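These notes concern the structure reproduced below.
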Amino acid sequence: MSWKVIDRNAAPDKAEAPVLTDALVEKIRVFLPRYETKRAALLPALHVVQDHFGYVSWQAMQELAELLEINASDVFDVVTFYTYFWTHPRGEKVVTVCRSTACAFMGADSVLDECKKVLGIGEHETTADGKFSLQTEECLATCDHAPCLYVNERCHKHVKPEDVRRIIEDPNNAKLDIERSTLFDGVKGA
Amino acid sequence: MTKIIINGTEVETREGIPVLQAALEMGLNVPHYCYHPGLSVVASCRLCLMEMKMPHPKTGEMGWAPKLMPSCQTPVRDGMEVRFDSEAVKRNQRNCMEFFLLNHPLDCPVCDQAGECLLQDYSYQFGDSTSRMVDPKYVNPKKDLGPKTLLYANRCVMCTRCVRFADEVAGTGELCVTNRGSKAEIDVFPGKALDNPLQGNVVDICPVGCLLDKDFLFKQRVWHLHSGDSICPGCATGCAVRVDQNENVIYRLKPRYNPGVNDWWMCDEGRFGWKYAQDATRLNRVITRRGEAVESLDWAGLPQTVRFRFAEVTAEHGDASIAIVLSPFMACEEAWLVATALRKIAPNAALVLGPVPLREQDEVFPKGATNGDAKFTISKERCPNRRGIERIIGALGGPTLTFAEFSENGGKGEIKGAWISGGYPEKWVDKELAKAADKIEFLVVHDLFASELCAPAEIVIPACPFTERAGSFMNIAGKLQPFEWAVKPADGCKRDGQFLQELAEITGIYQPESVRKLMAKQMPEFAEVAAPPKMPEHQH
Ligand code: SF4
Ligand code: FES
Ligand code: FES
């Protein structure tokens, strides 16, 4: 058979010490009283882990499952549902190209291709130096300036393929025009 | 009772059931993937959509609502009117089918499910013959989900039946959906494989060829299989099963719908535990020992020889020295036939219930459930018919012995003539029994496999496993469930019921119903068997 077979009987390598440090666990516990069930705290907990490590490792997923008393498969399910969470290390900067209708009509495909060429990586991959990751996302809510892409939280509008290299090489490409609101109660300083 | 109108026909349905269920029960073929009566409703496949009459928001006048509704998620209500035969409904079905096949590899020629695949059937019945898809298809890797099951993700229709089964029935929750949208896949957490005692059911409920049973993989094209309706002899739960065979070779067991007993499910031990039935080491000829000499015996003369020898021993030692061990693996009919046949010769022969293999406790599902809200129970009693044999022994009256007493008395040389039925899939003869067997002057052993009993036995008769027999088992709840044979007896063997009927001097072909009629004269409770109802034709 020429098809690839993934063997799920084998467990991923186990880290020697837990990856969720006491401090991280404390950060997660803060969310527990907000919800009726522990399961419900999975999303904020994943944010804590993602923001701290840049990704959610197999090990972290298992530890989260234990902490929240759910199946590891449930954590895996949620982590992979949201493209925001990474299962392998994410780069310092994330280039997100819109893949929804408006942008698609306006040429997002060629923008994405150009990103792949400039960064030398595919979708949901990270450059060898750990500086950039590339991903696609559903509508980025800037359809009126399609096609658009984000570098971290900064939106670049009306992007043409020939703009891509300039945007990626610009050291300030992720600088926000307006600072993020201090009311944002996610994990700050990410 | 609720009255609703489906496709213009008024039907009475049970209260509160989904419209889809009502439609299936009235015989309509409504395509559906995600709905399964044993699982929660998610209404995600959108194949079962229907049109429903609703009051107009302004005029209040009843009319067909423009939006289609999932019939699996809409409970029946009195006076409701729905239809599945309109153009809008059919268009939806066509579109859904085209959508399900977007990434499907159309690899039916190498797919185990072909022939019993709901993608094939529904495409043919409700789909279009062409697809408008021009882009390349996604190709997903195959996954080894666990020791017994494979996932060919390309074929998945994302109904999530399997995931819900693991969560809701098995209670083990190994399965999950990873990624999203067109990239969604069924998966398990690495190292936490799909490996629970009920896991085989996910293969059954997968409507397509995505989840595959490694044991059956590439073994048979399903249209070559013929099936016999049987009862699993693995434990006292008595799951209704279907034995699938081709040319007298068994390939797999599947559960049959049997409400209140096994519902739609069965356990893996039963599903894969039948292999002994085709084991090459099974006893396959009748032998008799006279001193050191071992001779083959002919089936034709056997009943007479057995009766004659029992009569001789009875004449010599009296009928109180005769014992009949009835195995809890025997059908009620078989046990009754042996007991009646031999009691005719030795009216005071003792009846003995053979050993009942026991485990420490029942295994209850979903994992962590208490007995009260269990959806499935694997009984700790590892044999199918303890209840039935006990009833027969009780009803026939006369002397009885416990199995321990039998071994003990036998060991003391008090038993001169004995019939021992075995039929256990595993080694079952303990030291005490072997010792007793040595002392019994005339021993007849009717068993599947050779054991310590064979050497001291004067006559060894090969028995048949459940797949070659017919009769009825009484399960732990006292339900008398009939089973039929699926394959012919192995070479050299004879169907137990047939032989035992001849032993009891009843002529004709063995038919469990006729034997039960005779039994019912003494024991009215054996007059009726409880065969499970048929599932609606188009339910799956
Ligand atoms: S693997 Fe089968 S049962 Fe599971 S979601 Fe896919 S089609 Fe449904
Ligand atoms: S479609 Fe791209 S931002 Fe909305
Ligand atoms: S949406 Fe009703 S059966 Fe799937």
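Every chain is numbered from 1, with letters handed out A, B, ... down the list of sequences. Computed from a predicted model, the values in this text were never measured in an experiment.
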Practice task
Please check if atom OH in A:Tyr35 has more than 12 non-hydrogen atoms from other residues, nucleotides or ligands closer than 6.0 Å.
Solution key: yes

Problem - Within 6.0 angstrom of B:Lys67 NZ, more than 12 heavy atoms from elsewhere - result: no

Practice task
Find out whether B:Glu174 and A:Arg8 are in side-chain contact, i.e. whether some heavy atom of one side chain is under 4.5 Å from a heavy atom of the other.
Solution key: no

Exercise for the section: Using a cut-off of 6.0 Å, state whether more than 12 heavy atoms not belonging to B:Lys137 lie near its atom NZ. Expected result: yes

Problem - Exceeds 12 heavy-atom contacts within 6.0 angstrom, atom CD of A:Glu162 - result: yes

Handout entry: Heavy-atom check, side chain of A:Thr83 versus side chain of B:Arg180, under 4.5 Å
Key = yes

Fill in the blank from the handout: Note: A:Val5 and B:Asp144 closest approach over all heavy atoms is CG1-N, 4.0 Å

Exercise for the section: Check whether B:Leu151 gets within reach of chain A through its side chain, its backbone, both or neither, counting any heavy atom under 4.5 Å. Expected result: neither

Problem - Side chain, backbone, both or neither of B:Asp187 within contact of chain A (heavy atoms, under 4.5 Å) - result: side chain

Completion exercise
Tightest non-hydrogen contact, residues A:Asn9 and B:Ala193, listed as OD1-CB, 3.5 Å

Problem - Heavy-atom closest pair, residues B:Val188 and A:Phe76 - result: O-CE2, 3.4 Å

Handout entry: A:Asp129 atom CG, neighbour heavy-atom count above 12 within 6.0 Å
Key = yes

Handout entry: Heavy atoms from other residues, nucleotides or ligands near CE of A:Met106 exceed 12 (cutoff 6.0 Å)
Key = no

Exercise for the section: Flag yes if more than 12 heavy atoms outside A:Asp144 fall under 6.0 Å of its CG atom; otherwise flag no. Expected result: yes

Practice task
For residues B:Pro141 and A:Ile6, report the shortest heavy-atom separation together with the two atoms involved.
Solution key: CG-CD1, 3.5 Å

Practice task
Answer with side chain, backbone, both or neither: which region of A:Asn71 has an atom nearer than 4.5 Å to a non-hydrogen atom of chain B?
Solution key: side chain

Exercise for the section: Count the heavy-atom pairs under 4.5 Å between each of A:Ala65, A:Ser73, A:Ala11, A:Ala10 and chain B, then report the option with the highest count. Expected result: A:Ser73

Practice task
Side chain from CB out, backbone as N, CA, C, O: work out which of these in A:Ala72 comes under 4.5 Å of a heavy atom of chain B, or both, or neither.
Solution key: both

Problem - A:Lys160, NZ atom: more than 12 neighbouring heavy atoms under 6.0 Å - result: no

Fill in the blank from the handout: Here the gap from B:Asp167 atom CG to A:Asp74 atom CG, rounded to the nearest 0.5 Å, amounts to 6.5 Å

Completion exercise
Scored by heavy-atom pairs under 4.5 Å with chain A, the best of B:Leu145, B:Leu150, B:Thr178, B:Leu194 is B:Thr178

